[in-house]
Amino acid sequence: MTTKINLRESFNLPNSETTTPAEIFQNQTLRPILKLQNDLYISLFTNYAIRQNSDFNALSSAKKAVMIEQSLQKDNVLKNTFIGITIGMLTDEEMEVYISDSKEFNKRIITMLIKRLNSQI
(Lines give C-alpha, C1' and ligand atoms only; values in the text may rest on other atoms or scores of the structure.)
Protein backbone atom coordinates (compact mmCIF):
# COMPACT_ATOMS: atom_id res chain seq x y z
CA MET A 1 0.00 0.00 0.00
CA THR A 2 1.27 3.45 -0.90
CA THR A 3 1.48 5.89 1.99
CA LYS A 4 1.70 9.65 1.95
CA ILE A 5 5.38 9.42 2.83
CA ASN A 6 6.07 7.00 -0.05
CA LEU A 7 4.66 9.55 -2.51
CA ARG A 8 7.26 12.13 -1.51
CA GLU A 9 10.78 12.45 -2.76
CA SER A 10 13.20 12.58 0.14
CA PHE A 11 15.89 15.22 0.36
CA ASN A 12 19.15 14.41 2.04
CA LEU A 13 19.83 17.84 3.46
CA PRO A 14 22.56 17.88 6.07
CA ASN A 15 21.72 18.80 9.66
CA SER A 16 24.20 20.48 11.95
CA GLU A 17 24.28 21.00 15.69
CA THR A 18 22.55 24.33 15.18
CA THR A 19 19.70 22.93 13.06
CA THR A 20 16.47 23.48 14.97
CA PRO A 21 13.66 20.91 15.15
CA ALA A 22 11.52 23.30 13.07
CA GLU A 23 14.17 23.37 10.33
CA ILE A 24 14.42 19.58 10.39
CA PHE A 25 10.62 19.29 10.03
CA GLN A 26 10.70 21.85 7.24
CA ASN A 27 13.44 20.03 5.33
CA GLN A 28 12.31 16.46 5.91
CA THR A 29 8.55 16.95 5.68
CA LEU A 30 7.40 20.29 4.28
CA ARG A 31 9.85 20.64 1.37
CA PRO A 32 9.05 17.18 -0.04
CA ILE A 33 5.31 17.91 0.22
CA LEU A 34 5.75 21.24 -1.58
CA LYS A 35 7.66 19.49 -4.35
CA LEU A 36 5.03 16.75 -4.61
CA GLN A 37 2.17 19.27 -4.80
CA ASN A 38 4.06 21.74 -7.02
CA ASP A 39 1.87 21.40 -10.13
CA LEU A 40 -1.27 21.87 -8.04
CA TYR A 41 0.10 25.05 -6.41
CA ILE A 42 1.08 26.51 -9.78
CA SER A 43 -2.25 25.69 -11.40
CA LEU A 44 -4.24 27.03 -8.47
CA PHE A 45 -2.26 30.27 -8.24
CA THR A 46 -2.30 30.87 -12.00
CA ASN A 47 -6.08 30.51 -12.09
CA TYR A 48 -6.40 32.78 -9.05
CA ALA A 49 -4.11 35.42 -10.60
CA ILE A 50 -6.00 35.45 -13.88
CA ARG A 51 -9.30 35.91 -12.02
CA GLN A 52 -7.81 38.81 -10.05
CA ASN A 53 -5.98 40.42 -12.98
CA SER A 54 -7.08 39.27 -16.42
CA ASP A 55 -3.77 40.35 -17.98
CA PHE A 56 -1.62 38.60 -15.35
CA ASN A 57 0.36 36.81 -18.05
CA ALA A 58 1.30 40.17 -19.59
CA LEU A 59 2.74 41.52 -16.32
CA SER A 60 6.49 41.88 -15.90
CA SER A 61 8.30 39.35 -13.74
CA ALA A 62 8.72 41.96 -11.02
CA LYS A 63 4.99 42.75 -10.94
CA LYS A 64 4.13 39.05 -10.92
CA ALA A 65 6.48 38.57 -7.97
CA VAL A 66 4.80 41.40 -6.07
CA MET A 67 1.35 39.97 -6.81
CA ILE A 68 2.42 36.48 -5.69
CA GLU A 69 3.83 37.76 -2.42
CA GLN A 70 0.96 40.11 -1.62
CA SER A 71 -1.67 37.53 -2.54
CA LEU A 72 -0.20 34.81 -0.36
CA GLN A 73 0.30 37.16 2.56
CA LYS A 74 -2.95 39.13 2.45
CA ASP A 75 -5.61 36.90 0.90
CA ASN A 76 -6.51 34.63 3.81
CA VAL A 77 -8.71 32.34 1.73
CA LEU A 78 -5.89 31.72 -0.76
CA LYS A 79 -3.28 31.38 1.99
CA ASN A 80 -5.42 28.91 3.94
CA THR A 81 -6.12 26.91 0.78
CA PHE A 82 -2.40 26.50 0.12
CA ILE A 83 -1.73 25.62 3.76
CA GLY A 84 -4.60 23.11 3.65
CA ILE A 85 -3.21 21.45 0.52
CA THR A 86 0.11 21.12 2.33
CA ILE A 87 -1.07 19.85 5.71
CA GLY A 88 -3.47 17.45 4.01
CA MET A 89 -0.38 15.45 3.03
CA LEU A 90 0.86 15.10 6.63
CA THR A 91 0.72 11.80 8.49
CA ASP A 92 -0.80 11.65 11.99
CA GLU A 93 2.66 11.88 13.58
CA GLU A 94 3.65 14.81 11.37
CA MET A 95 0.37 16.53 12.18
CA GLU A 96 1.26 16.41 15.88
CA VAL A 97 4.54 18.18 15.14
CA TYR A 98 2.76 20.71 12.92
CA ILE A 99 0.11 21.45 15.55
CA SER A 100 2.80 22.02 18.19
CA ASP A 101 3.86 25.22 16.37
CA SER A 102 1.40 25.71 13.51
CA LYS A 103 1.91 29.48 13.36
CA GLU A 104 5.64 29.06 12.71
CA PHE A 105 5.11 26.25 10.20
CA ASN A 106 2.44 28.25 8.35
CA LYS A 107 4.94 31.11 7.95
CA ARG A 108 7.54 28.65 6.63
CA ILE A 109 5.05 27.11 4.20
CA ILE A 110 4.01 30.50 2.80
CA THR A 111 7.62 31.72 2.53
CA MET A 112 8.66 28.60 0.64
CA LEU A 113 5.58 28.81 -1.61
CA ILE A 114 6.30 32.44 -2.49
CA LYS A 115 9.84 31.51 -3.53
CA ARG A 116 8.64 28.43 -5.40
CA LEU A 117 5.92 30.31 -7.32
CA ASN A 118 8.22 33.23 -8.11
CA SER A 119 10.78 30.92 -9.65
CA GLN A 120 8.22 29.11 -11.83
CA ILE A 121 5.53 31.58 -12.87
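Computed from a prediction, not measured in an experiment: that's the story for all the values here.
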Side-chain contact test, heavy atoms from C-beta onward, threshold under 4.5 Å: evaluate it for [X] versus [Y] and give yes or no.
X: Asn38; Y: Ile42; answer: yes
X: Ile114; Y: Gln73; answer: yes
X: Met67; Y: Asn53; answer: yes
X: Leu113; Y: Leu34; answer: yes

Could you report the tightest heavy-atom contact between [X] and [Y], atom names first, then the distance?
X: Ile85; Y: Gln37; answer: CG2-NE2, 3.4 Å
X: Gly88; Y: Lys4; answer: O-NZ, 3.0 Å
X: Leu90; Y: Arg8; answer: CA-NH2, 4.0 Å
X: Glu23; Y: Thr18; answer: OE1-O, 3.8 Å
X: Thr86; Y: Leu30; answer: CG2-CD2, 4.2 Å

[X] [atom1] to [Y] [atom2] distance, which is reported to the nearest 0.5 Å:
X: Ile121; Y: Thr46; atom1: CD1; atom2: OG1; answer: 4.0 Å
X: Ile5; Y: Thr29; atom1: CD1; atom2: OG1; answer: 7.5 Å
X: Leu72; Y: Glu69; atom1: CG; atom2: CD; answer: 9.0 Å
X: Arg116; Y: Arg31; atom1: CZ; atom2: CZ; answer: 8.5 Å
X: Asn118; Y: Ile68; atom1: CG; atom2: CD1; answer: 4.0 Å
X: Arg108; Y: Ser102; atom1: CZ; atom2: OG; answer: 13.0 Å

Discussion item. Walk me through whether Asn106 and Lys79 qualify under side-chain contact (heavy atoms from CB on, under 4.5 Å).
Written reply: CA-CA 9 Å; Asn106 287 345; Lys79 178 169 54 173; over 6 Å; no
Worksheet item: What do the steps show when you test Thr81 against Tyr48 for side-chain contact (heavy atoms from CB on, under 4.5 Å), and what is the final call?
Response: CA-CA 11 Å; Thr81 300; Tyr48 167 85; over 6 Å; no
Review item, side-chain donor-acceptor pairs of residues 55-63, under 3.5 Å, at least two apart:
{"residue": "Ser60", "atom": "OG", "partner": "Lys63", "partner atom": "N", "Å": "3.2"}

Worksheet item: Ile99 and Ile33: same hydrophobic cluster, using ILVMFWY side-chain contacts below 4.5 Å?
Response: yes
Worksheet item: Are Met95 and Leu7 in one and the same hydrophobic cluster, where Ile, Leu, Val, Met, Phe, Trp and Tyr link if side-chain heavy atoms are under 4.5 Å apart?
Response: yes
Worksheet item: For Gln70 and Asp75, what are the C-alpha separation, side-chain angles and deciding distance, and is it a side-chain contact (heavy atoms from CB on, under 4.5 Å)?
Response: CA-CA 8 Å; Gln70 287 181 345; Asp75 187 328; over 6 Å; no
Fill in: Glu104 side chain to Asp101 backbone, donor-acceptor under 3.5 Å
no
Discussion item. Give me each pair satisfying ring pair (Phe, Tyr, Trp, His ring centres under 6.0 Å) with a member in residues 12-44, each pair once, sequence neighbours excluded.
Written reply: Phe25-Phe105, Tyr41-Phe82
